[in-house]
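For reference, the structure is listed below as structure tokens.
Start at 1 with the first residue, then count along the sequence.
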Amino acid sequence: MKVILVNPLWTWSNVVPLNLAELAGYIRNSGWQDIEIVDLNCELKGELEEDIIGKAVRIITLRRPDVIGITCNTIHLPFCAEFCRQFKKASAVPIVIGGIHPTFAPEETIRLSGADYLVRGEGEETFRELLSAIENNRAKETIAGISFMRDGKIRHNPDRELIKDLSILPFPAFDLLLPYLKMMRGQKADYEKEVNVSLSASRGCHFGCSFCSVHQMWRFQRRKPVKRVIEEIAYAKKEFRCDSISFSDDCLTFQKKWFLELLSGIRKARIGWSCFSRVDTISQDWLARMRQAGCVKIYHGIESASPRIRKIIDKKVSLEIDNKQIRGLIKREINSGIIPTCSFILGHPAETREEVADTLNLAVELRNMGSEVHFQLFTPFPGLPMTRIYQKRIIRFDKLKHLRETSIHLFEQMFLYRKFIFRYRRYLPDAYIFEPGIGLKEFIGLYLEGKKRIGRDNYRNKILHHYIDYRGKRKLLVEADRKIPLDDLKRAGRNSSLFLKVDDRFGLSGSRSAMIKINPGQLVVSLRLKKGGLGPQRAKEISAFLKELSGLGKKIIFTRPVPKELLREVPADKRKLFIIPKDCLDCREMFKVNRRGKIELCTGREVCDAAYLYSPSGVYDLFIKLGSKENPGSDSLCFFFPRKKEFLRLYRKMRKGVLQMNWAKSALAASQYKKAAAYIIKAKRNGYKEGSEHFMLGLCLEKMGRFRQAVRELLLASKINPADSRIHLSLSNCYKRLGMAGESQRELESAYRLLKNPARPEKSGVL
């Protein structure tokens with residue numbers, strides 16, 4: 001009997017499904033040798049077909065399975081439901097769904113998907129018994145831990161006990177994932193060498209937080225033998241050629257003796273790793289050992305600054321741990337070279353206005369110290385104690401519309417699969433929120449203010465990098481976080497910014513003299529040349545026009561690339577005044593936000609709401625994936641619109657910048673400033689424009705003693721995020737080393753003002 005284990009399509013991230021490898025290893029050890037893992041994220045990577053579900057069905061059908069097993073978390077529900085229903089129309093092969101969502105919402109899952117069986121809770125033993133019953137056509141009523149439909153009614157067999165001793169589990173079937181690792185490497189460019197693999201050293205959690213599914217799903221913590229964990233790391237390092245490990249355990253540091261033994265083994269493996277840990281399970285003397293063993297990141301779920309709220313949500317934090325202790329731990333981790341990430345949850349029904357403000361203050365303070373900070377909303381996930389307790393306080397709420405975020409879906413996912421996501425919205429936690437105790441309107445204001453203070457606000461103006469925005473009769477050029485008003489030629493004044501569109505309908509002869517006469521303060525030129533090319537006469541006119549523009553003696557921003565032959569008449573010393581994009585990734589008209597608030601590519605294709613895309617790299621990635629589907633031979637397209645083969649080069653350039661910034665962050669954490677600076681500079685050359693690169697480069701240059709260059713980068717960083725005290729402190733130190741005492745004192749006062757009262761907004765007293 002052939003068994004296919006499916007990792008649902010959801011994101012294009014290169015994360016191998018190691019949970020399926022553990023299940024496959026157990027099933028294979030029980031006698032089923034014909035097993036295959038199908039990762040649809042790899043199989044369908046880059047596909048943007050309308051019938052994406054149909055293609056997924058065809059991929060599975062061609063493998064001719066006898067049984068299909070699908071893992072399903074809450075985030076996977078729309079895809080799993082659509083896939084199962086379409087697959088059942090063409091085949092009678094039994095479908096088994098397991099995972100968190102079927103465990104907590106079995107009736108909902110089975111009715112929406114039409115799956116034959118659900119496996120609730122821990123899956124190894126239950127799935128083994130179910131496969132045996134299917135193969136031998138035996139009754140399923142005695143199999144613990146499954147749910148299934150019989151005579152129009154859903155039957156739930158009793159729950160199955162958990163595996164207490166994880167040492168009995170066989171080695172995961174990592175070999176079934178090797179084809180996908182090779183596929184991922186094939187989709188990477190030659191420079192993309194880093195591979196991160198997620199492993200689990202334990203299951204479950206000792207603590208029963210009311211908002212978390214881990215304890216409800218896995219109960220108490222059970223740990224694998226240290227020897228087994230080290231063997232899995234060694235296999236991943238050798239066969240997967242991974243450079244780092246991410247432990248997915250909910251609290252890796254809970255059992256001290258076991259963890260210290262694990263540290264000793266990991267240190268010998270010589271590999272970087274990250275983990276989740278509670279703040280009350282790490283002692284001060286551990287940090288040096290963890291760093292020596294290769295730890296680079298720790299994720300902490302602090303949740304709230306209020307001890308009362310932490311008690312209500314059953315966080316069970318030790319009474320000895322208060323906010324002062326938390327600050328001290330984060331500071332020691334940063335000093336040890338470990339990057340901490342602190343997570344906070346806001347919106348509890350019992351939370352007061354003061355408690356929300358205290359949590360925001362603590363989050364901003366930790367961020368200013370150097371920690372990464374995540375905000376999350378209290379979300380009514382199905383089956384959790386908190387959802388049952390506050391059932392009457394659950395309300396419908398559009399998080400994307402009001403808060404520009406979601407709880408379980410990424411913006412990329414909302415764009416890619418929004419058609420069937422919205423079909424299942426009533427079943428998804430993203431459509432609901434607990435009614436805040438302080439009132440919804442006031443909570444939204446506080447939450448948005450908190451996002452602004454940690455630099456996550458105003459995605460459209462600050463994060464979406466650049467586009468020409470036509471709203472009514474007014475035109476705006478949005479570049480980074482600045483809006484430059486652009487006027488028509490007749491209305492332009494000497495100090496205005498002029499947007500000049502040059503195309504086949506633009507009369508150059510009458511405009512040149514007017515341009516010289518007006519002499520605007522800033523000139524932005526959109527040279528709109530179509531794919532069909534230019535005639536000799538038109539090319540001559542534009543060349544003369546560009547030569548005359550260079551005579552203005554000021555910098556001129558071009559929104560699109562310019563053919564080299566049109567610049568031949570421009571004197572070499574004047575060409576330095578022209579700021580010209582090199583290719584599509586630098587083009588300021590690659591996409592725009594139209595009047596309907598939708599992102600529209602330069603090809604004219606309207607793709608999604610502006611809120612769905614949150615970074616320049618995300619937009620570039622979208623342009624490459626969708627642009628490659630357009631007809632590059634069309635005369636209506638831009639002169640520089642690439643042909644299909646050239647899209648690969650653009651993709652490599654974009655991904656290279658992102659990858660180099662990741663390398664820079666690792667080098668910076670290891671105090672390798674020269675190496676980090678080199679990576680940041682390369683990333684900037686490859687089009688990386690997220691905003692954080694200026695501060696990181698300035699910090700590296702400061703550590704290297706290149707203070708004047710550091711000041712230039714830090715000033716750019718302060719324009720993007722003026723509320724970051726770290727920037728002002730670095731500027732103060734640079735000015736001091738340059739002998740500029742007045743400027744140093746001014747920046748130092750600004751930093752102290754932010755550190756002393758980070759909660760106070762500039763214009764509002766809400767906090």
Taking atom types as modelled, find out whether His206 and Gln255 have a side-chain donor-acceptor pair closer than 3.5 angstrom.
-> no
Are any of the side-chain heavy atoms of Leu377 and Lys399 separated by less than 4.5 Å?
-> yes
Around atom NZ of Lys311, are there more than 12 heavy atoms of other residues, nucleotides or ligands at under 6.0 Å?
-> no
Can the ring centres of Phe127 and Tyr26 be said to be less than 6.0 Å apart?
-> no
Stepwise, does the salt bridge (Lys or Arg N to Asp or Glu O under 4.0 Å) test hold for Lys153 with Asp151?
-> CA-CA 6 Å; Lys153 295 182 179 180; Asp151 301 324; over 6 Å; no
Using the ring pair (Phe, Tyr, Trp, His ring centres under 6.0 Å) rule, collect all pairs that involve residues 139-174, keeping only residues at least two apart or in two chains.
-> Phe171-Phe174, Phe171-Tyr235, Phe174-Tyr235, Phe174-Phe240
What heavy-atom pair brings Arg28 and Ile35 nearest, and what distance separates the two atoms?
-> N-CD1, 3.6 Å
For Ile143, does its backbone N or O pair with a side-chain atom of Asn157 as donor and acceptor, under 3.5 Å?
-> yes
Would a 4.5 Å heavy-atom cut-off, applied to side chains only, mark Tyr117 and Met149 as touching?
-> no
Side chains of Ser113 and Thr109, donor plus acceptor under 3.5 Å = no
Salt bridge (Lys or Arg N to Asp or Glu O under 4.0 Å) assessment of Arg310 paired with Glu351 = CA-CA 10 Å; Arg310 291 200 289 254; Glu351 205 169 29; over 6 Å; no
Minimum-distance pair of heavy atoms, taken over all atoms of Lys315 and Phe207 | O-CD2, 4.4 Å
Does CZ in Arg150 sit with more than 12 non-hydrogen atoms of other residues, nucleotides or ligands closer than 6.0 Å?
-> yes
Which value, rounded to the nearest 0.5 Å, describes the distance between Ser343 atom OG and Ile302 atom CD1?
-> 8.5 Å
Shortest non-hydrogen contact from Cys72 toward Ile97 | CB-CG2, 3.5 Å
Check for a donor-acceptor pair, side chain of Asp165 on one end and backbone N or O of Ser167 on the other, with a separation under 3.5 Å.
-> yes
Does Glu122 pair with Arg160 as a salt bridge, N-O distance under 4.0 Å?
-> no
How far apart are the C-alpha atoms of Ile309 and Glu303, what are their side-chain angles, what is the distance that settles it, and do they pass the side-chain contact (heavy atoms from CB on, under 4.5 Å) test?
-> CA-CA 9 Å; Ile309 294 297; Glu303 321 313 357; over 6 Å; no
Which of parallel (below 30°), tilted (30 to 60°) and perpendicular (above 60°) describes Phe83 and Phe87?
-> parallel
Ser202-Arg222 side chain donor-acceptor pair, cut-off 3.5 Å | no
For Gln33, does its backbone N or O pair with a side-chain atom of Lys2 as donor and acceptor, under 3.5 Å?
-> no
Locate the shortest heavy-atom distance separating Val93 from Pro65; write the atom from each residue and the value.
-> CG2-O, 3.4 Å
After noting the C-alpha distance and the side-chain angles of Asp116 and Lys88, does the key distance pass the salt bridge (Lys or Arg N to Asp or Glu O under 4.0 Å) rule?
-> CA-CA 10 Å; Asp116 298 277; Lys88 293 303 269 181; 2.6 Å; yes
Is there a donor in the side chain of Gln391 and an acceptor in the side chain of Arg393, or the other way round, less than 3.5 Å apart?
-> no
Output for pair (Ser210 OG, His215 NE2), nearest 0.5 Å, gives 11.0 Å
Closest approach of Arg120 and Asp159, non-hydrogen atoms and distance?
-> NH2-OD1, 2.8 Å
In Å, rounded to the nearest 0.5 Å, how long is the span from CG of Leu18 to CG of Leu23?
-> 12.5 Å
All ring-ring contact (aromatic ring centres under 6.0 Å, His included) counterparts of Phe276, not counting sequence neighbours | Tyr299
Measuring from Glu22:CD to Leu169:CG, what's the distance to the nearest 0.5 Å?
-> 7.0 Å
Are Lys164 and Phe220 side-chain neighbours, meaning at least one heavy-atom pair lies under 4.5 Å?
-> yes
Spell out, as yes or no, whether a donor-acceptor pair under 3.5 Å connects the side chain of Asp34 to the backbone of Met1.
-> no
With side-chain contact (heavy atoms from CB on, under 4.5 Å) as the test, would you mind laying out the steps for Ile70 and Cys84 before giving the verdict?
-> CA-CA 9 Å; Ile70 306 177; Cys84 291; 4.0 Å; yes
Is Trp258 reaching over with its side chain to a backbone N or O of Lys224, donor-acceptor style, under 3.5 angstrom?
-> yes
Does Asn136 use its side chain to pair, donor to acceptor, with the backbone of Ser132 at less than 3.5 Å?
-> yes
Ring geometry between Phe375 and Tyr447 (parallel below 30°, tilted from 30 to 60°, perpendicular above 60°) = tilted
Does Cys251 reach the side chain of Thr253, with side-chain heavy atoms less than 4.5 Å apart?
-> yes
Flag the pair Tyr432 / Phe397 as yes when at least one side-chain heavy-atom distance between them is below 4.5 Å, and no otherwise.
-> no
Any donor-acceptor pair under 3.5 Å from Arg85 side chain to Leu112 backbone = yes
Measure across Val229 and Ala201 and return the closest heavy-atom pair with its distance rounded to 0.1 Å.
-> CG2-CB, 3.7 Å
Contact check, side chains of Val38 and Asn7, non-hydrogen atoms, under 4.5 Å = no
How about Glu231: does its CD atom have over 12 heavy atoms from other parts shown lying under 6.0 Å from it?
-> yes
State, with a plain yes or no, whether a side-chain heavy atom of Tyr424 is found less than 4.5 Å away from one of Glu82.
-> yes
With the threshold set at 4.0 Å, does a side-chain nitrogen-carboxylate oxygen contact exist between Asp430 and Arg425?
-> no
Taking atom OG1 of Thr61 and atom CD1 of Ile4, what is their separation to the nearest 0.5 Å?
-> 10.5 Å
Would you check if the side chain of Thr387 reaches a backbone N or O of Gly383 as a donor-acceptor pair within less than 3.5 Å?
-> no
How far apart are the C-alpha atoms of Phe434 and Met386, what are their side-chain angles, what is the distance that settles it, and do they pass the side-chain contact (heavy atoms from CB on, under 4.5 Å) test?
-> CA-CA 10 Å; Phe434 291 108; Met386 184 182 66; 3.3 Å; yes
When rounded to the nearest 0.5 angstrom, what distance separates CD1 in Ile53 from CG in Leu9?
-> 6.5 Å
Taking only Lys NZ, Arg NE, NH1 and NH2, and the carboxylate oxygens of Asp or Glu, determine whether Glu355 and Arg308 approach each other closer than 4.0 Å.
-> yes
Determine, stepwise, if the pair Ile395 / Ile433 fulfils side-chain contact (heavy atoms from CB on, under 4.5 Å).
-> CA-CA 6 Å; Ile395 59 175; Ile433 190 177; 3.6 Å; yes
Would a 4.5 Å heavy-atom cut-off, applied to side chains only, mark Val96 and Leu118 as touching?
-> no
